[in-house]
Amino acid sequence: MNAPKPVRVRFAPSPTGYLHVGGARTALFNWLYARSQKGTFILRIEDTDQERSTQESYQAILDGMNWLGMDWDEGPGRGGDFGPYLQSERLPIYREHLEKLATEGHAYRCFCSPEDLAAREKAVTDAGGQWEGYDGKCRDLDPAEASKLEAEGKPFAWRLRTPTDGSTFWYDIVVDKREFQNEVLVDRVIFKADGFPTYQFACVVDDHLMGITHVLRGDDHVSNTPFQILIYQALGWNLPKFGHMPMILGPDRKRLSKRHGATSVQEFQKQGIIPEAMMNYLALLGWSPGGNADEVMTREALIKKFSLKKVNSSPGAFDYDKLAHINSEQIKRKSPEERHALAAGVLAEHGWRMDPEWKIHNATDSDTYLARILKTLGNRFSSLITLPEQIGFFYTDDHWRDDEAWPSAVQGPENVQALTALADALEAELDMDQPQPAEAFENVTRALAGKLEIKAGALIHPSRVALTGQLRSAGIFEVMELVGLRRSLARLRRAASLS
RNA sequence: GUCCCCGUCGUCUAGUGGUUAGGACACCGCCCUUUCACGGCGGCAACACGGGUUCGAUUCCCGUCGGGGAUGCCA
């Protein structure tokens, strides 16, 4: 048997928008396949649509790829032996291959303008018929006549002459055999009147010239494949393997669109999704590690377990809840250092810093302080979005002021009494000039509860709201330790006085 | 309309010619507890429908229905 060729796959987006989750998922499967097979991952920009391609989009795509951590071996900024990797810089190459097809009679000039075509389509539709695509008007145009029209300066496009009988098929990696009757394939344009190749043509030429072994793309390309196969055949080239990934649908099983919420990877980034989670979730949409295996995986695990054979053939609905779950799991599983970096980013956005005047037990500088906060938070830190709410009160007295929890937990005679009693006890028992550990606060609180013959909770709950402004928080005694005795007292008294 | 594809809990999925059809998210209980989260335990919940083939179909075939894609001088 022949030795397997080294895998070469590519992601070939067109720079006409942001990096959409569908595109990102396609890119991911290519990337995972390349990495798992020790192959080459190529990024190629398909900017043959002069109208819609933009520099901003180009940049957004590169940013999205980088953010997700999908590095490419060849492509923009990386170079490679098969460049250029921007189709707009490969025009002479396409031209050359077009000429070959023209010479051999596989391509012909079509002088029908888009307006002509639209008019003919309308005529057919008006007559109650169904327009089946290009009608082949110029297919048998006399070459002399065509040359004459060209000499007159009449604009034209090039079309591929496709067979009218037989069928074109391939064995898809995902869905096995796919077959189309050539009869239904029309002579589509391969070179536009503006001198640029169409996607159909540029894609085939590049995939071949760049030595692509597996064309892995979205299922929306299935109907392009037979036409492209015809181009390969006309050029006398061997076919790569094709694999069509199932589409991603919205939660309502309609095509995923903006009205479903975020659809571009940068939007998810803004919503506090970390790249590892995005990648992990995307991988799970259409692929599964199988059986009861853990779905939360590192990049390395993903690469190790990924297999094209396990890619599903049915379209899947995007589930924001599950993404959120994967995201929190990924955050929880990060190392303390990585979590610290993540949280520090959030702090920086809010401009929060530790008050250097304050004496905190076991924390005298900002980094240590944050490390202590995160340790106290533990698993509660599982979202970049809720983190500001969770830790704001460690940094500013303003943070806790307004909260709807206030009336229920702090107001009322018992609560005011409890807050005051606790403040008095803490002040009496603890040395204001020394940092106090959580245990000290807890001992005083529980002793007071015993003395007053009430449950500790009757002191704890109002204190939590007084200290944090929230009904939920990390352990309240650790909160007191980190907020510090002096400031804790102030907050307790403040709450009591405001009630 | 035509062509192509898909169809297992609400969602993502595993799986098989004979299984108590497994896991995860979400949801609901209980436990833990200082609230929340985590964790633990348990629960709810699926083979779209109708015909075949077969001793036996969720699994194989056909049809129906449902969903998606394509039908561009966009990619």
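Every heavy atom of this structure was used, including side-chain atoms; hydrogens, water molecules and symmetry mates were not.
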Whole-Å [atom1] distance, [N] and [M]:
N: B:C61; M: B:G7; atom1: P; answer: 11 Å
N: B:U64; M: B:G1; atom1: P; answer: 13 Å
N: B:C27; M: B:U33; atom1: P; answer: 24 Å
N: B:G66; M: B:C74; atom1: P; answer: 35 Å

B:U34, B:U35, B:U71: which one has an atom nearest the side-chain heavy atoms of A:Arg188?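 In terms of side-chain proximity for A:Arg188, the closest of B:U34, B:U35, B:U71 is B:U71.
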Side chain of A:Ser313 (C-beta onward), nearest among B:U11, B:C74, B:G7: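 Looking only at heavy atoms from C-beta outward on A:Ser313, the closest nucleotide is B:G7.
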Below 4.0 Å: OP1/OP2 of B:C5 and any side-chain N or O of A:Arg178: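 The answer is no; no side-chain N or O of A:Arg178 sits under 4.0 Å from OP1 or OP2.
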Can a side chain N or O of A:Asn312 be found less than 4.0 Å away from OP1 or OP2 on B:A14?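 Yes, A:Asn312 has a side-chain N/O under 4.0 Å of OP1/OP2 on B:A14.
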Using the side chain to side chain contact (heavy atoms under 4.5 Å, CB included) rule, pick out the option among A:Ile231, A:Leu209, A:Val204 that qualifies with A:His97.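 Of all the options given, the one that passes is A:Leu209.
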When the distance from NE2 of A:His325 to P of B:C25 is rounded to whole Å, what number comes out?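 Going from A:His325 (NE2) to B:C25 (P), I get 4 Å.
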Whom does B:G7 pair with, Watson-Crick or G-U wobble, provided both distances fall under 3.5 Å?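 For B:G7, the partner nucleotide comes out as B:C65, under the 3.5 Å rule.
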Would a 4.5 Å heavy-atom cut-off, applied to side chains only, mark A:Ile45 and A:Tyr58 as touching?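 Of all side-chain heavy-atom pairs linking A:Tyr58 with A:Ile45, at least one is under 4.5 Å.
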Are A:Tyr320 and A:Phe318 an aromatic pair by the rule of ring centers under 6.0 Å?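 So the answer is yes for these two rings.
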